[in-house]
Amino acid sequence: MENSIVIYNTLTRKKEIFKPLVEGKVGLYVCGPTVYSNSHLGHARPNITFDLLFRFLTFSGYKVRYVRNITDVGHLENETEESGEDKISKKARIEKLEPMEVVQKYMNTFHRNMEDLNVLPPSIEPRASGHIIEQQQMIDSILANGFAYEVNGSIYFDVEKYNQHYNYGKLSGRNLDDIKTNTRELDGQNEKKNSFDFALWKKAAPEHIMRWPSKWSNGFPGWHLECSVMSIKYLGTQFDIHGGGMDLVFPHHECEIAQSTASLGEESVRYWMHNNMIKINGQKMARSLGNFITLDELFSGNHKLLQQAYSPMTIRFFILQAHYRSTIDFSNEAMQASEKGLERLMTAVKTLDELKPFNESTVDFTSIKEKCLAALNDDLNSPIAIAHLFDGVKMINSIKAGKEKIAANDLADLKAFYNNMVFDILGFKVEKAEENGGGKILDGAVELLLELRKNAKINKDWGTADKIRDELIEIGIEIKDTKDGVNWNLK
RNA sequence: GGUCUCUUGGCCGAGUGGCUAGGCAGCGGUCUGCAAAACCGCGUACGGCGGUUCGAAUCCGCCAGAGACCUCCA
């Protein structure tokens with residue numbers, strides 16, 4: 001499959017044709033979660049976006065090494081909290097748990113949520129805590145190159161010095177003069193030469209439990225460092241794509257560029273990709289704003305803003321129905337629309353298996369196939385691809401209704417295409433009925449009831465027929481009378 | 001305050017100089033004992049005011065509103 005993929009590069013603010021560094025292979029790094037509380041809807045977005053990218057690149061014939069980290073070291077809280085306390089150790093004290101117990105707990109939840117969303121595991125999932133030595137090594141090289149300084153056992157990155165040789169602010173589109181006049185003064189910054197300098201290594205306060213020995217102090221690495229270190233370690237000093245949420249552009253990714261460049265003398269990332277935010281009531285959904293809904297709450301419907309539960313695939317569809325660089329507005333109405341839309345799509349996929357081939361085709365799916373792939377090639381435009389899939393749904397339904405015909409070879413081709421698109425690339429999976437265990441027993445029982453209902457209908461005993469139907473619906477089994485007989489499925 | 005982005009029909013969301021996505025909801029019809037589902041058909045929207053152009057939702061300017069980043073954040 002020869003695809004020419006175009007990617008919007010945040011660095012150049014343009015769409016660029018994607019050319020991997022090494023022919024046929026792609027190195028992809030994505031910023032993963034900080035595991036100190038449950039994952040919420042906002043976290044689903046980058047993971048689904050880059051899952052799509054991972055799947056699409058793989059489908060397009062690339063061998064992809066996908067690295068997504070787990071941040072389990074923690075970094076400084078904001079100024080409203082007692083200063084200098086690590087996020088994870090703070091949480092640990094509240095819950096009377098070991099820091100690594102907190103990490104493990106929320107990492108498990110994250111993994112379970114991702115599996116539910118059918119997000120493929122990355123090729124490598126490195127943890128910051130497992131790369132302390134490598135982080136110290138990078139600090140050494142930055143110090144050796146003269147772009148960092150030590151104060152009281154902490155190491156800070158010298159942004160001004162760096163900016164004399166390189167361009168600090170190139171990713172986020174700001175310049176140091178603006179940053180100088182616009183950076184707020186925060187607590188605990190008196191050690192730094194400039195307020196915009198950032199920590200590479202921080203000496204731990206006595207109450208700070210997460211700490212590692214180093215030649216400078218017992219302490220912990222600065223937040224930005226882990227991504228620079230782990231991306232380079234597993235993907236090389238230069239690699240293809242680095243992704244993450246738009247809110248990470250500044251300062252996180254800006255600092256990553258500075259660190260890697262200060263250490264290596266050259267930049268390591270070739271394409272920067274950033275997904276936009278999910279909004280709720282017109283505002284970004286964020287842990288810090290307290291307006292988030294966790295994935296578990298969405299799956300169970302157990303949240304005061306939710307009118308019902310939404311399945312993982314509904315959430316996946318909801319996210320893929322918008323372009324990854326646009327914001328999406330969360331609402332019950334929008335989620336319910338996604339639920340119905342997805343059902344329509346999945347029903348059509350199932351319908352494909354029921355279609356009977358003719359000798360000839362009166363429909364032509366070629367342009368739909370081409371348009372779907374073209375949309376994905378154009379900066380991962382999943383909403384357009386899905387729109388074209390729905391055009392195909394219309395045709396599939398017309399064939400089923402007997403208004404159009406399809407030949408055997410075209411049908412096989414079409415099935416393969418929908419399987420590729422819906423399952424392999426967009427990453428949907430069949431939920432409900434087919435997945436549930438005990439299928440055979442249930443099948444038998446329902447078939448029996450439907451047989452009784454059929455007899456009742458023949459005898460025009462509408463009371464019994466409707467009782468069977470209505471009560472089955474009541475317990476979650478939907479009955480559909482069609483020309484070819486009765487269909488049923490679990491709701 | 002600085003930097004940047006957005007404003008599309010009832011809702012969600014694509015598009016971005018002429019060919020007016022898609023989903024959901026709604027309406028009309030077909031089918032059906034009824035219902036559901038399915039199918040067919042229907043809606044000409046792009047914040048306001050100017051400008052450029054043969055032609056603008058799409059380019060430019062101004063105004064209004066919303067948001068993001070500047071601090072942890074996906």
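For clarity, every value in this text was computed on a predicted model and none was experimentally measured. All chains are named by letter (A, B, ...) in the order of the sequence lines, taking the proteins before the strands, and each is independently numbered beginning at 1. Excluded from the calculations below are hydrogen atoms, water molecules and symmetry mates; all remaining heavy atoms, backbone and side chain alike, are included.
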Against the side chain of A:Asp391, the closest entry in B:G22, B:C70, B:G33 is B:G22
Give one of base, sugar-phosphate or nothing for A:Gly282, where a contact means two heavy atoms less than 4.0 Å apart.
sugar-phosphate
With C1' as the reference atom in both, quote the distance from B:C59 to B:U16 in angstrom, rounded to an integer.
10 Å
In whole angstroms, the gap separating P of B:G23 from NE2 of A:His388 amounts to 12 Å
Verify the contact: side-chain N or O of A:Ser326 to OP1 or OP2 of B:A14, cut-off strictly under 4.0 Å; return yes or no.
yes
Taking only the side-chain heavy atoms of A:Phe250 (C-beta and beyond), determine which of B:A21, B:A74, B:C70 contains the nearest atom.
B:C70
Lys/Arg N to Asp/Glu carboxylate O, A:Arg55 vs A:Asp51, below 4.0 Å
yes
Integer angstrom distance from the P of B:G61 to that of B:U5:
12 Å
Hey, are A:Asp247 and A:Lys284 close enough for a salt bridge, meaning a charged N less than 4.0 Å from a carboxylate O?
yes
Picking from B:G33, B:C40, B:A74, which would you name as closest to the side chain of A:Lys403?
B:C40
For A:Phe317, what residues pass the ring-ring contact (aromatic ring centres under 6.0 Å, His included) criterion, not counting sequence neighbours?
A:Phe428
Among B:C72, B:A74, B:G13, which nucleotide sits nearest the side chain of A:Pro251?
B:C72
What nucleotide among B:G22, B:G13, B:A74 has an atom nearest to a side-chain atom of A:Ile328?
B:G13
Scan A:Met335 against the nucleic acid and name what it touches under 4.0 Å (heavy atoms): base, sugar-phosphate only, or nothing.
nothing
To the nearest angstrom, how far is A:Asp247 atom CG from B:U5 atom C1'?
14 Å
In whole Å, what separates the P atom of B:U53 from that of B:U58?
16 Å
From the list B:C12, B:A74, B:A14, which nucleotide is the closest neighbour of the side chain of A:Leu248?
B:A74
Report which part of the nucleic acid A:Thr327 touches: base, sugar-phosphate, or nothing (heavy-atom distance under 4.0 Å, all strands).
sugar-phosphate
Evaluate the ring planes of A:Trp272 and A:His253, with Trp represented by its six-membered ring, and classify them as parallel (under 30°), tilted (30 to 60°) or perpendicular (over 60°).
tilted
Looking only at side-chain N and O atoms, does A:Asn69 offer a donor or acceptor that is under 3.5 Å from a partner on A:Glu125?
no
Pairwise P distance, B:A57 and B:C42 [rounded to whole Å]:
24 Å
Looking at every strand, decide which applies to A:His323 at a 4.0 Å heavy-atom threshold: base, sugar-phosphate, or nothing.
sugar-phosphate
Select one nucleotide: of B:G41, B:A74, B:C34, the one nearest the side-chain heavy atoms of A:Lys394.
B:G41
Taking only the C1' atom of each, what is the distance from B:G47 to B:G65 in whole angstrom?
8 Å
Describe the nucleic acid contact of A:Asn275 in one word from base, sugar-phosphate, nothing, applying a heavy-atom distance below 4.0 Å.
base
Toward the 5' end of RNA chain B, by each residue's nearest nucleotide, A:Lys340 or A:Gly245:
A:Lys340
Using the six-membered ring wherever Trp is involved, compare the ring planes of A:His40 and A:Phe292 and label them parallel, tilted or perpendicular (cut-offs 30° and 60°).
tilted
Considering only atom P, compute the distance from B:C46 to B:U7 and round it to an integer number of Å.
13 Å
With nearest nucleotides of RNA chain B determined for A:Pro33 and A:Leu289 from heavy-atom distances, which residue corresponds to the more 5′ nucleotide?
A:Leu289
Give me the distance, rounded to whole Å, that separates B:G22 from B:A14 when you measure between the C1' atoms they each carry.
7 Å
Flag the pair A:Lys371 and A:Asp391 as a salt bridge only when some basic side-chain nitrogen lies within less than 4.0 angstrom of an acidic carboxylate oxygen.
no
Is the phosphate of B:C40 approached by A:Ser398 (side-chain N or O, under 4.0 Å from OP1 or OP2)?
yes
Report yes if at least one side-chain N or O of A:Arg174 is closer than 4.0 Å to OP1 or OP2 of B:C69; otherwise report no.
no
Assess whether atom CD1 of A:Ile17 is packed by more than 12 heavy atoms of other residues, nucleotides or ligands within 6.0 Å.
no
Does the B:C34 base have a donor-acceptor partner in the side chain of A:Arg469 within less than 3.5 Å?
yes
Picking from B:A74, B:G23, B:G33, the nucleotide nearest the side-chain atoms of A:Thr34 would be B:A74
Checking all strands, does A:Gln336 fall into the base, sugar-phosphate, or nothing category for heavy-atom contacts under 4.0 angstrom?
nothing
Pairs under 3.5 Å (Watson-Crick or G-U), crossing ones as [ ], inter-strand ones as |: RNA chain B comes out as ((((((((.[[[)....(...]]].(((((.......)))))....[[[[[..)....]]]]])))))))....
Which is true for A:Ala334 with a 4.0 Å heavy-atom rule: it touches a base, it touches only sugar-phosphate, or it touches nothing?
sugar-phosphate
Please work out if A:Lys457 contacts a base, only the sugar-phosphate, or nothing of the nucleic acid, heavy-atom cut-off 4.0 Å.
base
Side chains of A:Glu191 and A:Tyr156: any donor to acceptor distance under 3.5 Å?
yes
C1' spacing across the pair B:A45 / B:A37, given as an integer number of angstrom:
31 Å
Any donor-acceptor N/O pair under 3.5 Å between B:G15 base and A:Asn381 side chain:
no
Considering every strand and a 4.0 Å limit on heavy-atom distances, what is the contact class for A:Met246: base, sugar-phosphate, or nothing?
nothing
ring centroid sep under 5.5 Å plus plane angle under 30, A:Trp462 with B:G33:
yes
Selected nucleotide, minimal atom distance to A:Ile384 side chain, candidates B:A74, B:A14, B:C34:
B:A14
Among B:C24, B:C70, B:A21, which nucleotide sits nearest the side chain of A:Ala337?
B:C24
NA contact type, A:Asn276, heavy-atom cut-off 4.0 Å: base, sugar-phosphate, or nothing?
base
Under a 4.0 Å threshold between the charged nitrogen and the carboxylate oxygen, would A:Glu354 count as salt-bridged to A:Lys350?
no
